[in-house]
Enquirer: 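Before I ask anything, let me first share the structure, which is written out below as C-alpha coordinates.
Values in this document were obtained by computation on a predicted structure and should not be read as measured data. Here is how names work: the chains are called A, B, and so on, in the same order as the sequence lines, proteins then strands, and each is numbered from 1.
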Amino acid sequence: MSAVTYELIKQSNESKARLGILHTPHGPVETPVFMPVGTQATVKAMSPRELEEIGARIILGNTYHLYLRPGHELIREAGGLHSFMAWDGPILTDSGGFQVFSLGDLRKITEEGVEFRSHIDGSKHLFTPEKVMEIEMALGPDIAMAFDECVEYPTTYEYAKKSMERTSRWAERCLKAHTRKDQALFGIVQGSMYRDLREQSARDLVPMDFPGYAIGGLSVGEEKNLMYEVLDYTVPLLPDNKPRYLMGVGSPDCLIEGTLRGVDMFDCVLPTRIARNGTVFTKMGRLVIRNAKYKSDFSPLDPYCTCYTCQTFTRAYIRHLFNTDEILGLRLTTIHNLYYLINLMKDIRQAIREDALLEFRDEFYSNYQNDGL
RNA sequence: GGAGAGAUACCCGAGUUGGCCAAAGGGGGCAGACUGUAAAUCUGCUGGCAUUGCCUUCGAAGGUUCGAAUCCUUCUCUCUCCA
(Lines give C-alpha, C1' and ligand atoms only; values in the text may rest on other atoms or scores of the structure.)
Protein backbone atom coordinates (compact mmCIF):
# COMPACT_ATOMS: atom_id res chain seq x y z
CA MET A 1 0.00 0.00 0.00
CA SER A 2 1.37 3.31 -1.03
CA ALA A 3 1.67 6.20 1.41
CA VAL A 4 -0.65 8.17 -0.85
CA THR A 5 -3.77 6.76 -2.48
CA TYR A 6 -6.49 8.13 -4.64
CA GLU A 7 -10.14 7.48 -3.90
CA LEU A 8 -12.52 8.21 -6.75
CA ILE A 9 -15.73 9.75 -5.43
CA LYS A 10 -17.48 10.61 -8.64
CA GLN A 11 -16.76 10.45 -12.32
CA SER A 12 -18.59 13.19 -14.18
CA ASN A 13 -20.84 11.93 -16.92
CA GLU A 14 -20.57 15.08 -18.98
CA SER A 15 -16.78 15.38 -19.14
CA LYS A 16 -13.62 13.66 -17.96
CA ALA A 17 -13.78 15.68 -14.74
CA ARG A 18 -13.82 13.71 -11.55
CA LEU A 19 -14.18 14.19 -7.84
CA GLY A 20 -11.84 12.36 -5.51
CA ILE A 21 -9.93 12.24 -2.29
CA LEU A 22 -6.18 12.06 -2.05
CA HIS A 23 -5.27 10.21 1.13
CA THR A 24 -1.91 11.29 2.49
CA PRO A 25 0.05 10.74 5.72
CA HIS A 26 -0.97 14.27 6.69
CA GLY A 27 -4.65 13.91 5.97
CA PRO A 28 -7.11 13.76 3.10
CA VAL A 29 -7.27 16.26 0.28
CA GLU A 30 -10.37 16.77 -1.83
CA THR A 31 -9.64 16.85 -5.53
CA PRO A 32 -9.49 18.53 -7.96
CA VAL A 33 -7.22 20.71 -5.89
CA PHE A 34 -5.01 23.74 -6.32
CA MET A 35 -1.70 23.59 -4.44
CA PRO A 36 0.04 26.88 -3.55
CA VAL A 37 3.77 26.89 -4.17
CA GLY A 38 6.16 27.38 -1.27
CA THR A 39 9.49 26.93 -2.99
CA GLN A 40 11.78 27.81 -0.12
CA ALA A 41 9.71 26.26 2.66
CA THR A 42 7.34 29.18 2.69
CA VAL A 43 4.46 30.26 0.52
CA LYS A 44 5.83 33.74 0.04
CA ALA A 45 4.28 36.29 2.41
CA MET A 46 1.92 33.78 4.06
CA SER A 47 2.11 32.16 7.48
CA PRO A 48 0.89 28.57 7.80
CA ARG A 49 -2.02 29.85 9.87
CA GLU A 50 -3.06 32.19 7.09
CA LEU A 51 -2.78 29.39 4.52
CA GLU A 52 -5.05 27.29 6.66
CA GLU A 53 -7.57 30.12 6.95
CA ILE A 54 -7.49 30.61 3.20
CA GLY A 55 -8.34 26.94 2.84
CA ALA A 56 -5.05 25.61 1.44
CA ARG A 57 -4.77 21.88 2.01
CA ILE A 58 -1.54 20.83 0.32
CA ILE A 59 1.44 22.97 -0.61
CA LEU A 60 4.68 22.59 -2.53
CA GLY A 61 8.32 22.82 -1.64
CA ASN A 62 11.30 22.66 -3.97
CA THR A 63 14.18 20.20 -3.89
CA TYR A 64 16.72 22.31 -5.72
CA HIS A 65 16.12 25.44 -3.65
CA LEU A 66 15.97 23.68 -0.29
CA TYR A 67 19.06 21.64 -1.09
CA LEU A 68 21.01 24.86 -1.69
CA ARG A 69 19.50 26.64 1.29
CA PRO A 70 19.28 25.66 4.07
CA GLY A 71 20.38 22.18 2.92
CA HIS A 72 18.39 18.96 3.14
CA GLU A 73 20.51 17.65 6.00
CA LEU A 74 19.48 20.60 8.10
CA ILE A 75 15.84 19.99 7.31
CA ARG A 76 16.24 16.33 8.18
CA GLU A 77 17.77 17.48 11.47
CA ALA A 78 14.78 19.77 12.01
CA GLY A 79 12.55 16.74 11.77
CA GLY A 80 11.58 17.18 8.15
CA LEU A 81 9.94 19.91 6.15
CA HIS A 82 6.58 19.77 7.97
CA SER A 83 8.20 20.37 11.29
CA PHE A 84 10.78 22.84 9.97
CA MET A 85 8.17 25.14 8.43
CA ALA A 86 5.42 24.35 10.91
CA TRP A 87 2.94 23.13 8.31
CA ASP A 88 0.90 20.12 9.41
CA GLY A 89 -0.87 19.52 6.14
CA PRO A 90 0.35 17.49 3.19
CA ILE A 91 3.40 18.66 1.24
CA LEU A 92 4.60 17.81 -2.24
CA THR A 93 8.13 18.61 -3.33
CA ASP A 94 9.13 19.27 -6.89
CA SER A 95 12.31 17.51 -7.87
CA GLY A 96 14.29 20.31 -9.45
CA GLY A 97 13.22 19.20 -12.91
CA PHE A 98 11.69 22.60 -13.49
CA GLN A 99 14.99 24.26 -12.60
CA VAL A 100 16.59 22.25 -15.41
CA PHE A 101 14.31 24.40 -17.55
CA SER A 102 14.27 27.73 -15.73
CA LEU A 103 18.00 27.83 -14.93
CA GLY A 104 18.74 26.97 -18.54
CA ASP A 105 22.18 28.49 -18.93
CA LEU A 106 23.39 27.37 -15.52
CA ARG A 107 23.24 23.64 -16.15
CA LYS A 108 24.51 20.76 -18.26
CA ILE A 109 22.45 17.63 -18.86
CA THR A 110 23.96 14.18 -19.30
CA GLU A 111 22.63 10.66 -18.94
CA GLU A 112 24.02 10.59 -15.42
CA GLY A 113 22.08 13.67 -14.34
CA VAL A 114 22.22 17.45 -14.40
CA GLU A 115 25.16 19.54 -13.39
CA PHE A 116 23.89 22.81 -11.94
CA ARG A 117 25.69 25.99 -11.19
CA SER A 118 24.12 27.43 -8.10
CA HIS A 119 22.26 30.63 -8.95
CA ILE A 120 23.35 31.90 -5.54
CA ASP A 121 27.11 31.50 -5.52
CA GLY A 122 27.95 29.78 -8.80
CA SER A 123 29.12 26.57 -7.12
CA LYS A 124 28.73 23.32 -9.05
CA HIS A 125 26.30 20.58 -8.00
CA LEU A 126 25.37 17.31 -9.63
CA PHE A 127 21.74 16.24 -9.48
CA THR A 128 21.23 12.60 -10.35
CA PRO A 129 17.97 10.74 -9.85
CA GLU A 130 19.59 9.00 -6.88
CA LYS A 131 20.75 12.28 -5.37
CA VAL A 132 17.34 13.87 -5.80
CA MET A 133 15.69 10.91 -4.07
CA GLU A 134 18.14 11.22 -1.19
CA ILE A 135 17.24 14.90 -0.85
CA GLU A 136 13.50 14.38 -1.11
CA MET A 137 13.58 11.55 1.42
CA ALA A 138 15.46 13.87 3.78
CA LEU A 139 12.96 16.67 3.21
CA GLY A 140 10.15 14.25 3.95
CA PRO A 141 7.16 15.53 1.98
CA ASP A 142 4.09 13.32 1.58
CA ILE A 143 4.69 13.29 -2.16
CA ALA A 144 8.08 13.40 -3.85
CA MET A 145 8.33 14.02 -7.56
CA ALA A 146 10.63 12.00 -9.79
CA PHE A 147 13.57 13.85 -11.29
CA ASP A 148 12.70 14.82 -14.85
CA GLU A 149 13.69 17.27 -17.51
CA CYS A 150 11.15 19.97 -18.25
CA VAL A 151 11.90 20.74 -21.87
CA GLU A 152 11.54 24.21 -23.28
CA TYR A 153 9.02 25.02 -25.97
CA PRO A 154 9.34 24.89 -28.86
CA THR A 155 11.75 22.01 -29.16
CA THR A 156 12.57 19.62 -31.97
CA TYR A 157 10.97 16.20 -32.13
CA GLU A 158 14.43 14.63 -31.88
CA TYR A 159 15.34 16.47 -28.70
CA ALA A 160 11.90 15.98 -27.14
CA LYS A 161 12.21 12.25 -27.78
CA LYS A 162 15.73 11.98 -26.47
CA SER A 163 14.84 13.96 -23.36
CA MET A 164 11.61 12.06 -22.72
CA GLU A 165 13.38 8.71 -23.01
CA ARG A 166 16.03 9.89 -20.60
CA THR A 167 13.33 11.08 -18.20
CA SER A 168 11.84 7.59 -18.38
CA ARG A 169 15.19 6.02 -17.51
CA TRP A 170 15.59 8.52 -14.68
CA ALA A 171 12.12 7.57 -13.44
CA GLU A 172 13.24 3.96 -13.23
CA ARG A 173 16.32 5.01 -11.28
CA CYS A 174 14.23 7.21 -8.96
CA LEU A 175 11.93 4.30 -8.25
CA LYS A 176 14.88 2.09 -7.39
CA ALA A 177 16.48 4.71 -5.13
CA HIS A 178 13.27 5.69 -3.38
CA THR A 179 12.93 3.61 -0.24
CA ARG A 180 10.91 5.75 2.12
CA LYS A 181 7.63 3.99 2.76
CA ASP A 182 5.75 6.88 4.36
CA GLN A 183 6.25 8.95 1.24
CA ALA A 184 4.82 8.56 -2.25
CA LEU A 185 6.86 9.01 -5.41
CA PHE A 186 5.03 10.36 -8.47
CA GLY A 187 6.20 9.85 -12.03
CA ILE A 188 6.18 12.62 -14.64
CA VAL A 189 5.06 12.16 -18.22
CA GLN A 190 6.98 14.24 -20.74
CA GLY A 191 7.11 14.38 -24.53
CA SER A 192 6.60 18.06 -25.27
CA MET A 193 3.73 18.70 -27.70
CA TYR A 194 4.17 15.43 -29.64
CA ARG A 195 1.38 12.96 -29.25
CA ASP A 196 3.34 9.79 -29.95
CA LEU A 197 6.02 10.89 -27.49
CA ARG A 198 3.42 11.46 -24.77
CA GLU A 199 2.07 8.01 -25.55
CA GLN A 200 5.51 6.49 -25.37
CA SER A 201 6.24 8.29 -22.11
CA ALA A 202 3.03 6.97 -20.57
CA ARG A 203 3.81 3.46 -21.87
CA ASP A 204 7.20 3.70 -20.14
CA LEU A 205 5.92 5.02 -16.84
CA VAL A 206 2.57 3.38 -16.23
CA PRO A 207 4.04 -0.12 -15.83
CA MET A 208 6.36 1.28 -13.16
CA ASP A 209 3.24 1.64 -11.07
CA PHE A 210 3.82 5.03 -9.48
CA PRO A 211 1.04 5.97 -7.01
CA GLY A 212 0.42 9.14 -9.00
CA TYR A 213 1.27 10.67 -12.36
CA ALA A 214 2.13 14.17 -13.32
CA ILE A 215 1.98 15.76 -16.71
CA GLY A 216 5.06 17.91 -17.04
CA GLY A 217 6.46 20.13 -19.73
CA LEU A 218 3.28 22.09 -20.27
CA SER A 219 2.59 25.77 -19.72
CA VAL A 220 6.08 26.58 -20.91
CA GLY A 221 5.05 29.21 -23.44
CA GLU A 222 2.78 27.27 -25.79
CA GLU A 223 -0.70 28.46 -26.77
CA LYS A 224 -3.39 27.44 -24.32
CA ASN A 225 -5.28 25.55 -26.99
CA LEU A 226 -2.20 23.50 -27.71
CA MET A 227 -1.87 22.66 -24.03
CA TYR A 228 -5.51 21.63 -23.92
CA GLU A 229 -4.98 19.46 -26.95
CA VAL A 230 -2.02 17.73 -25.30
CA LEU A 231 -4.15 17.18 -22.19
CA ASP A 232 -6.95 15.76 -24.33
CA TYR A 233 -4.79 12.89 -25.46
CA THR A 234 -2.43 12.56 -22.50
CA VAL A 235 -4.78 12.26 -19.54
CA PRO A 236 -6.52 9.14 -20.94
CA LEU A 237 -3.12 7.44 -21.07
CA LEU A 238 -2.94 7.57 -17.26
CA PRO A 239 -4.51 5.07 -14.86
CA ASP A 240 -7.97 5.90 -13.53
CA ASN A 241 -7.19 4.81 -10.02
CA LYS A 242 -4.32 7.22 -9.52
CA PRO A 243 -4.21 10.99 -9.18
CA ARG A 244 -3.20 13.06 -12.20
CA TYR A 245 -1.25 16.18 -11.61
CA LEU A 246 -0.80 18.96 -14.14
CA MET A 247 2.41 20.69 -13.16
CA GLY A 248 2.78 24.45 -13.16
CA VAL A 249 -0.72 25.41 -14.21
CA GLY A 250 -2.81 27.86 -12.30
CA SER A 251 -4.68 30.54 -14.20
CA PRO A 252 -8.40 30.30 -13.45
CA ASP A 253 -9.39 29.32 -16.98
CA CYS A 254 -6.66 26.66 -17.16
CA LEU A 255 -7.84 25.15 -13.87
CA ILE A 256 -11.34 24.72 -15.27
CA GLU A 257 -10.11 23.39 -18.61
CA GLY A 258 -7.67 21.03 -16.93
CA THR A 259 -10.34 19.69 -14.62
CA LEU A 260 -12.67 19.10 -17.56
CA ARG A 261 -9.93 16.97 -19.09
CA GLY A 262 -9.53 14.83 -15.99
CA VAL A 263 -6.77 16.52 -14.01
CA ASP A 264 -6.91 16.21 -10.21
CA MET A 265 -4.06 18.35 -8.98
CA PHE A 266 -2.57 21.68 -10.02
CA ASP A 267 0.17 23.89 -8.67
CA CYS A 268 1.32 27.29 -9.80
CA VAL A 269 3.28 30.32 -8.68
CA LEU A 270 0.99 32.58 -10.68
CA PRO A 271 -1.45 33.64 -7.94
CA THR A 272 1.27 34.44 -5.44
CA ARG A 273 3.66 36.00 -7.92
CA ILE A 274 1.20 38.31 -9.64
CA ALA A 275 -0.21 39.19 -6.23
CA ARG A 276 3.19 40.48 -5.15
CA ASN A 277 3.41 42.41 -8.39
CA GLY A 278 0.03 44.04 -7.87
CA THR A 279 -2.39 42.00 -9.97
CA VAL A 280 -5.40 40.17 -8.60
CA PHE A 281 -7.94 37.72 -9.95
CA THR A 282 -11.56 38.77 -9.79
CA LYS A 283 -14.78 37.31 -11.06
CA MET A 284 -14.59 39.90 -13.85
CA GLY A 285 -11.00 39.19 -14.78
CA ARG A 286 -7.53 40.29 -13.79
CA LEU A 287 -7.20 43.66 -12.13
CA VAL A 288 -3.98 45.63 -11.71
CA ILE A 289 -4.48 47.33 -8.38
CA ARG A 290 -1.64 49.83 -8.96
CA ASN A 291 -3.63 51.51 -11.74
CA ALA A 292 -4.61 55.13 -11.20
CA LYS A 293 -8.26 54.39 -11.82
CA TYR A 294 -8.50 52.76 -8.38
CA LYS A 295 -7.09 55.74 -6.54
CA SER A 296 -10.38 56.64 -4.91
CA ASP A 297 -12.24 53.38 -5.46
CA PHE A 298 -13.50 52.36 -2.04
CA SER A 299 -14.97 49.03 -3.14
CA PRO A 300 -13.29 45.67 -2.45
CA LEU A 301 -10.85 44.02 -4.91
CA ASP A 302 -13.60 41.64 -5.97
CA PRO A 303 -17.13 42.46 -4.85
CA TYR A 304 -18.05 38.77 -5.13
CA CYS A 305 -15.18 37.56 -2.95
CA THR A 306 -15.49 36.60 0.70
CA CYS A 307 -11.81 36.52 1.61
CA TYR A 308 -10.41 38.49 4.53
CA THR A 309 -8.91 41.10 2.20
CA CYS A 310 -12.14 41.73 0.32
CA GLN A 311 -14.24 41.80 3.45
CA THR A 312 -11.98 44.31 5.13
CA PHE A 313 -10.08 46.56 2.73
CA THR A 314 -10.76 48.82 -0.25
CA ARG A 315 -9.04 49.03 -3.62
CA ALA A 316 -7.97 52.56 -2.80
CA TYR A 317 -6.25 51.40 0.37
CA ILE A 318 -4.51 48.42 -1.21
CA ARG A 319 -3.39 50.60 -4.13
CA HIS A 320 -1.97 53.03 -1.61
CA LEU A 321 -0.06 50.20 0.09
CA PHE A 322 1.47 49.18 -3.24
CA ASN A 323 2.33 52.72 -4.17
CA THR A 324 4.08 53.26 -0.89
CA ASP A 325 5.83 49.87 -1.00
CA GLU A 326 4.18 48.76 2.19
CA ILE A 327 4.57 45.05 2.81
CA LEU A 328 0.96 44.63 3.88
CA GLY A 329 -0.21 45.32 0.33
CA LEU A 330 1.31 42.24 -1.22
CA ARG A 331 0.25 40.14 1.74
CA LEU A 332 -3.36 41.18 1.24
CA THR A 333 -3.30 40.51 -2.51
CA THR A 334 -1.63 37.14 -1.91
CA ILE A 335 -4.36 36.19 0.55
CA HIS A 336 -6.96 37.19 -1.99
CA ASN A 337 -5.46 35.41 -5.00
CA LEU A 338 -4.91 32.16 -3.14
CA TYR A 339 -8.38 32.32 -1.68
CA TYR A 340 -9.76 33.04 -5.14
CA LEU A 341 -8.20 29.93 -6.69
CA ILE A 342 -8.91 27.65 -3.76
CA ASN A 343 -12.49 28.84 -3.73
CA LEU A 344 -12.69 28.38 -7.49
CA MET A 345 -11.65 24.75 -7.00
CA LYS A 346 -14.30 24.37 -4.34
CA ASP A 347 -16.90 25.68 -6.78
CA ILE A 348 -15.55 23.38 -9.46
CA ARG A 349 -15.91 20.37 -7.16
CA GLN A 350 -19.46 21.39 -6.35
CA ALA A 351 -20.21 21.72 -10.05
CA ILE A 352 -18.86 18.22 -10.70
CA ARG A 353 -21.01 16.93 -7.88
CA GLU A 354 -24.02 18.48 -9.60
CA ASP A 355 -22.93 17.49 -13.11
CA ALA A 356 -22.86 21.15 -14.03
CA LEU A 357 -19.23 21.84 -14.78
CA LEU A 358 -19.78 22.70 -18.45
CA GLU A 359 -22.39 25.23 -17.45
CA PHE A 360 -20.05 26.49 -14.75
CA ARG A 361 -17.31 26.99 -17.33
CA ASP A 362 -19.58 28.95 -19.67
CA GLU A 363 -20.74 31.13 -16.84
CA PHE A 364 -17.14 31.69 -15.81
CA TYR A 365 -16.10 32.82 -19.28
CA SER A 366 -19.09 35.11 -19.61
CA ASN A 367 -17.83 37.09 -16.61
CA TYR A 368 -14.08 36.77 -16.86
CA GLN A 369 -12.52 39.34 -19.17
CA ASN A 370 -8.81 39.70 -18.98
CA ASP A 371 -8.89 43.47 -19.07
CA GLY A 372 -10.41 43.58 -15.61
CA LEU A 373 -12.98 46.00 -14.30
C1' G B 1 25.86 96.89 3.92
C1' G B 2 30.29 93.78 1.69
C1' A B 3 32.16 89.17 -0.89
C1' G B 4 30.91 84.89 -3.48
C1' A B 5 27.82 80.82 -5.65
C1' G B 6 23.64 79.58 -8.28
C1' A B 7 18.62 79.45 -11.06
C1' U B 8 17.90 73.07 -16.20
C1' A B 9 11.69 69.22 -17.75
C1' C B 10 6.66 66.96 -11.97
C1' C B 11 11.09 66.70 -8.12
C1' C B 12 16.46 66.12 -7.43
C1' G B 13 20.35 66.70 -10.66
C1' A B 14 24.41 66.29 -15.06
C1' G B 15 25.52 69.36 -19.00
C1' U B 16 28.25 75.83 -19.24
C1' U B 17 36.31 74.81 -24.28
C1' G B 18 28.75 77.32 -28.53
C1' G B 19 26.48 72.66 -33.03
C1' C B 20 26.38 65.19 -32.21
C1' C B 21 20.86 68.57 -26.64
C1' A B 22 14.02 67.68 -26.46
C1' A B 23 18.69 67.89 -22.99
C1' A B 24 22.60 62.10 -19.00
C1' G B 25 21.24 59.81 -14.36
C1' G B 26 18.03 59.09 -10.25
C1' G B 27 13.24 59.75 -8.01
C1' G B 28 8.21 60.22 -8.75
C1' G B 29 4.18 59.23 -12.11
C1' C B 30 1.71 56.15 -15.97
C1' A B 31 1.08 51.48 -18.33
C1' G B 32 2.32 46.37 -19.41
C1' A B 33 4.21 41.35 -18.44
C1' C B 34 4.27 37.32 -15.03
C1' U B 35 1.70 29.68 -15.22
C1' G B 36 6.25 22.57 -11.32
C1' U B 37 9.39 30.88 -8.11
C1' A B 38 17.24 33.18 -9.69
C1' A B 39 10.75 37.50 -9.15
C1' A B 40 7.99 42.55 -3.06
C1' U B 41 10.69 41.12 -10.07
C1' C B 42 11.15 42.73 -15.02
C1' U B 43 9.87 45.86 -19.42
C1' G B 44 8.16 50.28 -21.80
C1' C B 45 6.51 55.42 -21.72
C1' U B 46 7.04 60.14 -19.14
C1' G B 47 7.35 68.74 -23.44
C1' G B 48 3.49 69.21 -27.68
C1' C B 49 1.63 67.52 -32.34
C1' A B 50 1.66 64.49 -36.54
C1' U B 51 4.49 59.33 -40.40
C1' U B 52 10.09 60.03 -41.00
C1' G B 53 9.43 65.03 -39.06
C1' C B 54 7.96 69.65 -37.23
C1' C B 55 6.95 73.09 -33.17
C1' U B 56 7.72 75.32 -28.10
C1' U B 57 11.59 74.53 -23.94
C1' C B 58 17.01 75.10 -19.73
C1' G B 59 14.71 82.15 -14.13
C1' A B 60 13.05 87.01 -17.33
C1' A B 61 14.13 90.46 -21.20
C1' G B 62 17.51 91.85 -24.78
C1' G B 63 22.12 90.98 -27.60
C1' U B 64 26.42 88.32 -30.28
C1' U B 65 26.41 84.16 -33.92
C1' C B 66 24.95 80.47 -39.76
C1' G B 67 23.82 78.16 -34.90
C1' A B 68 22.95 79.46 -27.63
C1' A B 69 21.05 75.50 -21.79
C1' U B 70 26.22 76.89 -22.88
C1' C B 71 29.05 83.66 -24.66
C1' C B 72 27.65 89.21 -23.40
C1' U B 73 24.22 93.05 -20.94
C1' U B 74 20.38 94.30 -17.64
C1' C B 75 16.73 92.65 -14.35
C1' U B 76 14.30 89.15 -10.77
C1' C B 77 14.93 85.54 -7.20
C1' U B 78 17.70 81.85 -4.06
C1' C B 79 21.81 80.21 -1.10
C1' U B 80 26.68 80.67 1.60
C1' C B 81 30.30 83.59 4.13
C1' C B 82 31.82 88.44 6.37
C1' A B 83 29.85 92.69 9.04
Enquirer: Can you tell me how far P of U35(B) sits from CG of L60(A), to the nearest Å?
Expert: 16 Å
Enquirer: For Q40(A) and for C150(A), locate the closest nucleotide of RNA chain B by heavy-atom distance; then report the residue assigned to the nucleotide nearer the 5' terminus.
Expert: C150(A)
Enquirer: On a whole-Å scale, what distance lies between the P atoms belonging to G36(B) and A31(B)?
Expert: 27 Å
Enquirer: For I188(A), report the nucleic acid contact type (base, sugar-phosphate, nothing); a contact means any heavy atom under 4.0 Å.
Expert: base
Enquirer: Taking donor-acceptor contacts at under 3.5 Å, does the side chain of N323(A) reach the base of G29(B)?
Expert: no
Enquirer: On a whole-Å scale, what distance lies between the P atoms belonging to G32(B) and U80(B)?
Expert: 45 Å
Enquirer: If the glycosidic angle sits within 90 degrees of zero it is syn, else anti. Tell me which applies to A22(B).
Expert: anti
Enquirer: Is a side-chain donor-acceptor pair under 3.5 Å present for T128(A) with E112(A)?
Expert: no
Enquirer: Quick one: L92(A) CG to U37(B) P, roughly how many Å, whole number?
Expert: 10 Å
Enquirer: What heavy-atom pair brings V230(A) and S192(A) nearest, and what distance separates the two atoms?
Expert: CG1-O, 4.3 Å
Enquirer: To the nearest Å, how far apart are N337(A) CG and C34(B) P?
Expert: 14 Å
Enquirer: When you check the side-chain N and O atoms of D240(A) and Q11(A), is any donor under 3.5 Å from an acceptor?
Expert: no
Enquirer: Between A22(B) and A33(B), how far apart are the two P atoms, rounded to whole Å?
Expert: 34 Å
Enquirer: In whole Å, I'd like the distance from the CZ atom of F322(A) to the P atom of A39(B).
Expert: 17 Å
Enquirer: Anything under 30° is parallel, anything over 60° is perpendicular, the rest tilted; go ahead and classify Y308(A) against F313(A).
Expert: perpendicular
Enquirer: Has T39(A) got a side-chain N or O lying under 4.0 Å from the OP1 or OP2 atom of G36(B)?
Expert: no
Enquirer: Write down the distance separating the C1' atoms in A14(B) and C66(B), rounded off to the nearest Å.
Expert: 28 Å
Enquirer: Please state whether the rings of F101(A) and F98(A) are parallel, tilted or perpendicular, taking 30° and 60° as the class boundaries.
Expert: tilted
Enquirer: Name the orientation class of the two ring planes belonging to F116(A) and F127(A) (parallel below 30°, tilted from 30 to 60°, perpendicular beyond 60°).
Expert: perpendicular
Enquirer: Could you work out the separation of G47(B) and A9(B) based on their C1' atoms and round it to a whole Å?
Expert: 7 Å
Enquirer: Output the residues of residues 201-236 of chain A in contact with RNA chain B, where contact means a heavy atom of the residue under 4.0 Å from an atom of the strand; sort by number or write none.
Expert: G217(A), S219(A), K224(A)
Enquirer: Is M164(A) close to V151(A) at the side-chain level, that is, under 4.5 Å between some pair of heavy atoms?
Expert: no
Enquirer: Could you please name the partner base of A24(B), counting Watson-Crick and G-U wobble pairs only when both distances are under 3.5 Å?
Expert: none
Enquirer: Specify the separation, in whole Å, of atom CG of L338(A) and atom P of U35(B).
Expert: 16 Å
Enquirer: Could you go through E111(A) and R169(A), starting from their C-alpha distance and side-chain angles, then the distance that decides it, and tell me whether this counts as side chain to side chain contact (heavy atoms under 4.5 Å, CB included)?
Expert: CA-CA 9 Å; E111(A) 181 62 26; R169(A) 290 190 295 275; 2.7 Å; yes
Enquirer: Counting N and O atoms only, with roles assigned by atom type, does the side chain of Q183(A) sit under 3.5 Å from a partner on the main chain of P141(A), one being a donor and the other an acceptor?
Expert: yes
Enquirer: Which nucleotide, in any strand shown, forms a Watson-Crick or G-U wobble pair with U43(B), with both distances under 3.5 Å?
Expert: A31(B)
Enquirer: Which nucleotide, if any, forms a Watson-Crick or G-U wobble pair with A60(B), using both distances under 3.5 Å?
Expert: U74(B)
Enquirer: Between H65(A) and T63(A), do the side chains contain a donor N or O and an acceptor N or O under 3.5 Å apart?
Expert: no
Enquirer: Please state the C1' separation for the pair C75(B) and U56(B) - nearest whole angstrom.
Expert: 24 Å
Enquirer: Choose from A38(B), C34(B), U35(B) the nucleotide whose nearest atom is closest to any side-chain atom of D105(A).
Expert: A38(B)
Enquirer: Let's test your reading of the model: under 3.5 Å, does the base of U37(B) pair with the side chain of T272(A) as donor and acceptor?
Expert: yes
Enquirer: Work out how far the C1' atom of U8(B) is from that of C77(B), and round it to whole angstrom.
Expert: 16 Å
Enquirer: R286(A) side chain: which of A38(B), G36(B), C34(B) is closest?
Expert: C34(B)
Enquirer: Tell me: CG of L270(A) to P of A33(B), nearest whole Å?
Expert: 12 Å
Enquirer: Do any side-chain nitrogens or oxygens of N291(A) fall under 4.0 Å of OP1 or OP2 in G32(B)?
Expert: yes
Enquirer: Measure distances between side-chain N and O atoms of D267(A) and base N and O atoms of G36(B), and say whether any donor-acceptor pair falls under 3.5 Å.
Expert: no
Enquirer: Tell me whether the OP1 or OP2 atom of G29(B) has a side-chain N or O from R319(A) closer than 4.0 Å.
Expert: no
Enquirer: I'd like the P distance from G19(B) over to G67(B), given in whole Å.
Expert: 15 Å
Enquirer: Searching all strands shown, indicate the nucleotide that pairs with G53(B) (Watson-Crick or G-U wobble; both distances under 3.5 Å).
Expert: C49(B)
Enquirer: Is the phosphate of U37(B) approached by N62(A) (side-chain N or O, under 4.0 Å from OP1 or OP2)?
Expert: yes
Enquirer: Would you find a donor on one side and an acceptor on the other, under 3.5 Å apart, between the side chain of T5(A) and the backbone of M1(A)?
Expert: no
Enquirer: Could you state the NE2-P distance from H65(A) to A39(B), rounded to the nearest angstrom?
Expert: 6 Å
Enquirer: Is Q99(A) near enough to U37(B) that one of its side-chain N or O atoms lies under 4.0 angstrom from OP1 or OP2?
Expert: yes
Enquirer: Could you check whether H119(A) and Y64(A), counting side-chain N and O atoms only, form a donor-acceptor pair closer than 3.5 Å?
Expert: yes
Enquirer: By nearest atom, which of the nucleotides G36(B), C34(B), C30(B) is closest to the A292(A) side chain?
Expert: C30(B)
Enquirer: CG of L66(A) versus C1' of A38(B): gap in Å, rounded?
Expert: 14 Å
Enquirer: Just by protein heavy atoms under 4.0 Å, how would nucleotides 40-48 of chain B read 5' to 3' in B, S and -?
Expert: BB-------
Enquirer: With a 3.5 Å limit on both atom pairs, tell me what U80(B) is paired to, counting Watson-Crick and G-U wobble, or say none.
Expert: A3(B)
Enquirer: For the residue pair S47(A) and E50(A), confirm or rule out a side-chain donor-acceptor distance under 3.5 Å.
Expert: yes
Enquirer: If you look at every strand shown and take non-hydrogen atoms under 4.0 Å, does S118(A) touch a base, only sugar-phosphate, or nothing?
Expert: nothing
